[in-house]
Amino acid sequence: MLELVACRLAIEDFLAFEGVCTSWRSAAAKETYKKKSEAPWLMSYDYEYNQITEFSSPSTGRIYPMRVPGSDVQTLSVPGWLLVLQGDGEYRILNPLSRVSIELPALEKLHHESRLIEELDRPDRARCGPPRINMIALSSSPSLSRSYVVMISYTGSSMFAFHRSGEDVWTVVSLATDLQRLMARILGLVYYNGLFVALNADCEIMTLNWRNRRMEWRLDLGLIYYSDGDPHLVECSGSLLVAWVMSPGYCGPAEDIRVFEVDLEKGTEEEVQSLGNMSLFLNGTSSFSVELNPESCLPGIKPNHVYFLDYDDDDQMKSYSMEDGELETYFDAPANHIYEWFQPHF
């Protein structure tokens, strides 16, 4: 009976349930949890006083303040995990629900090891400055496997490195020689179908060749970053998608969302008209998809929608219907706060 009750609980109630006593904790074994409540939360922090991070659950309306030590916090596409910056270039990945924290290797030696730095002109080398993680992706959740790979782009450019769990070093990755620009900003980095996939500001998609430790060009997207909109890489139901938040000209509130499915093998893209029961949740540094069914019962969250933060419209959190193209405001973000969608998981 206790197991049946535990399986029906929202994730925040599930955590409280297993803390009651030993027998309840046994009944609440994570393997018995049906993942019904992996519906997204909203994560927010005040960028002036960001030691306290708040998580709000749309399914219950509850808000959970948590102390997350660090000067910068960002979500990962792997459910349940955050990237936290502590001190000068000291990074950790953190699961705020299980409180598991994993220190990443120091970044200070990356510039000395990177062959790309030797290829840059002196002004570009000066602009790089101390290494800083720009984008990050994991091959699997550390909650589910002790063997995983962390890949990063760093220093706000297109330099890459990866780190294998159990090691204390970064392996620097070279760039493809047929890219338009070596220093093009990285806009997205995901792990998809056994490959690390990156998207840069020239709208080039590339993948990591493990054997050669080099990023390889795969295709150019048809739209143009900034003048057409802002692209987001996201995995959805076994497909690799690029979701574009379309804005008029070079700025202004979003007017449309266009979604394309990318075929890495063929080097093609095809526009998607419907997401079915899936919805996309777009962040600046990571995005994810969630299957929503009639039992989800999430206020304001519906299937076949795209949810995103409109940076050019006073940071309003908005939703877009793939069915009729309607744009709605999900809520107005308070000033001095940064909001991202977060997928809770142990």
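In what follows, residues are counted from 1 in the order of the sequence shown.
- Counted by atom type alone, E323 and N304 present zero donor-acceptor pairs between their side chains at under 3.5 Å.
- Under the 4.5 Å side-chain criterion, counting only non-hydrogen atoms from C-beta, L82 is in contact with P96.
- Note that CZ of R218 and CG of L264 are 5.5 Å apart. Values are rounded to the nearest 0.5 Å.
- R92 pairs by the side chain to side chain donor-acceptor pair (under 3.5 Å) definition with S101, not counting sequence neighbours.
- Taking CG from D230 and CG from L309, the interatomic distance works out to 11.0 Å, rounded to the nearest 0.5 Å.
- No single ILVMFWY cluster, assembled from side-chain heavy atoms under 4.5 Å apart, contains both L219 and V272.
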* To do: Starting from the C-alpha separation in whole Å, work towards a yes-or-no answer on side chain to side chain contact (heavy atoms under 4.5 Å, CB included) for L241 and L275.
  => CA-CA 11 Å; L241 305 182; L275 298 172; 4.1 Å; yes
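- The nearest pair of heavy atoms linking L327 to D256 is CD1-N, 4.1 Å.
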* Asked: Given V245 and Y320, is the side chain to side chain contact (heavy atoms under 4.5 Å, CB included) satisfied, shown in steps?
  -> CA-CA 10 Å; V245 179; Y320 173 86; over 6 Å; no
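- Taking a 6.0 Å sphere around CZ of R99, one finds it holds more than 12 heavy atoms contributed by other residues, nucleotides or ligands.
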* side chain to side chain contact (heavy atoms under 4.5 Å, CB included) evaluation trace for L83 with T285 -> CA-CA 10 Å; L83 175 69; T285 56; over 6 Å; no
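- For the pair N209 (side chain) and R214 (backbone), a donor-acceptor distance under 3.5 Å is absent.
- Side-chain atoms of D202 never come within 3.5 Å of backbone atoms of E204 as a donor-acceptor pair (strictly under, hydrogens ignored).
- Y148 pairs by the ring-ring contact (aromatic ring centres under 6.0 Å, His included) definition with nothing, not counting sequence neighbours.
- Across all their heavy atoms, V242 and P231 have their closest contact at CG1-CB, 3.8 Å.
- For Y225, the side chain to side chain donor-acceptor pair (under 3.5 Å) partners are R185, not counting sequence neighbours.
- Between the side chain of N95 and the backbone N or O of L97 there is at least one donor-acceptor pair closer than 3.5 Å.
- To the nearest 0.5 Å, atoms OG (S286) and CD (Q343) are separated by 10.0 Å.
- Considering CG of L187 and CG of N134, their distance stands at 8.5 Å, rounded to 0.5 Å.
- Using a 4.5 Å heavy-atom threshold, the side chains of E340 and M43 count as touching.
- Side chains of L233 and M135 form no contact here, defined as non-hydrogen atoms less than 4.5 Å apart.
- The side-chain contact (heavy atoms from CB on, under 4.5 Å) search around S279 returns F281, L292, H305, Y307, not counting sequence neighbours.
- For residues 263-280, the pairs satisfying salt bridge (charged side-chain N to carboxylate O under 4.0 Å, His left out) are R258-E271, with sequence neighbours left out.
- E54 places a side-chain heavy atom less than 4.5 Å from the side chain of S44.
- Every residue two or more places apart in sequence or in another chain was checked for a ring-ring contact (aromatic ring centres under 6.0 Å, His included) with Y192, and none qualifies.
- For the 3.5 Å distance criterion, the side chains of E326 and S321 fail to qualify, holding no donor opposite an acceptor.
- Residues P344 and P40 share a closest heavy-atom pair of CD-CA, 4.2 Å.
- Under a hydrophobic-cluster definition in which Ile, Leu, Val, Met, Phe, Trp and Tyr are linked whenever side-chain heavy atoms come within less than 4.5 Å, directly or via other members, V234 and W244 are assigned to different clusters.
- Applying the side chain to side chain donor-acceptor pair (under 3.5 Å) test to S140 and every residue at least two apart in sequence or in another chain returns nothing.
- Once rounded to the nearest 0.5 Å, the distance linking CD of E216 with OG of S174 reads 11.5 Å.
- Summarising the geometry, atom CG belonging to N200 is positioned 9.5 Å from atom CE belonging to M215; distances are rounded to the nearest 0.5 Å.
- The closest side-chain heavy-atom distance from Y330 to I301 is below 4.5 Å.
- Here I224 is tied to no hydrophobic group at all, with no ILVMFWY side chain closer than 4.5 Å.
- Remark: S237 pairs with no residue by the side chain to side chain donor-acceptor pair (under 3.5 Å) rule, at least two apart or across chains.
- Side-chain atoms of S289 come within 3.5 Å of backbone N or O of E235 as a donor-acceptor pair.
- With sequence neighbours left out, the ring-ring contact (aromatic ring centres under 6.0 Å, His included) criterion links F308 to no other residue.
- One hydrophobic cluster holds both I133 and V78 under the rule that ILVMFWY side chains link at heavy-atom gaps under 4.5 Å.
- The ring of F196 has its center no closer than 6.0 angstrom to the ring center of F162.
- Looking at heavy atoms from C-beta onward, W81 lies in side-chain contact with S141 at the 4.5 angstrom threshold.
- You'll find the side chain of M206 reaches within 4.5 Å of the side chain of F160, heavy atoms only.
- Of all heavy-atom pairs between V149 and W210, the closest is CG1-CH2, 3.8 Å.
- By the side-chain contact (heavy atoms from CB on, under 4.5 Å) test, D168 is found to be paired with P105, residues two or more places apart in sequence or in another chain being considered.
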* Asked: Are L240 and V190 close enough, and set up right, to give a side chain to side chain contact (heavy atoms under 4.5 Å, CB included), and what steps lead you there?
  -> CA-CA 9 Å; L240 180 62; V190 300; 4.0 Å; yes
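- With ring centers used as reference points, Y64 lies under 6.0 Å from W41.
- Of the residues Y154, Y91, W170, the one that meets the ring-ring contact (aromatic ring centres under 6.0 Å, His included) test with H163 is W170.
- Of all heavy-atom pairs spanning I136 and I93, the tightest one is CD1-CG2, 4.3 Å.
- A continuous path of hydrophobic side-chain contacts links M278 to I257 [ILVMFWY only; heavy atoms under 4.5 Å].
- No single ILVMFWY cluster, assembled from side-chain heavy atoms under 4.5 Å apart, contains both L280 and Y339.
- Looking at heavy atoms from C-beta onward, M317 lies in side-chain contact with L42 at the 4.5 angstrom threshold.
- What you find for A184 and A201 is that their closest heavy atoms are CB-N, 4.4 Å.
- By the 4.5 Å side-chain criterion applied to Ile, Leu, Val, Met, Phe, Trp and Tyr, V169 is assigned to no cluster and stands alone.
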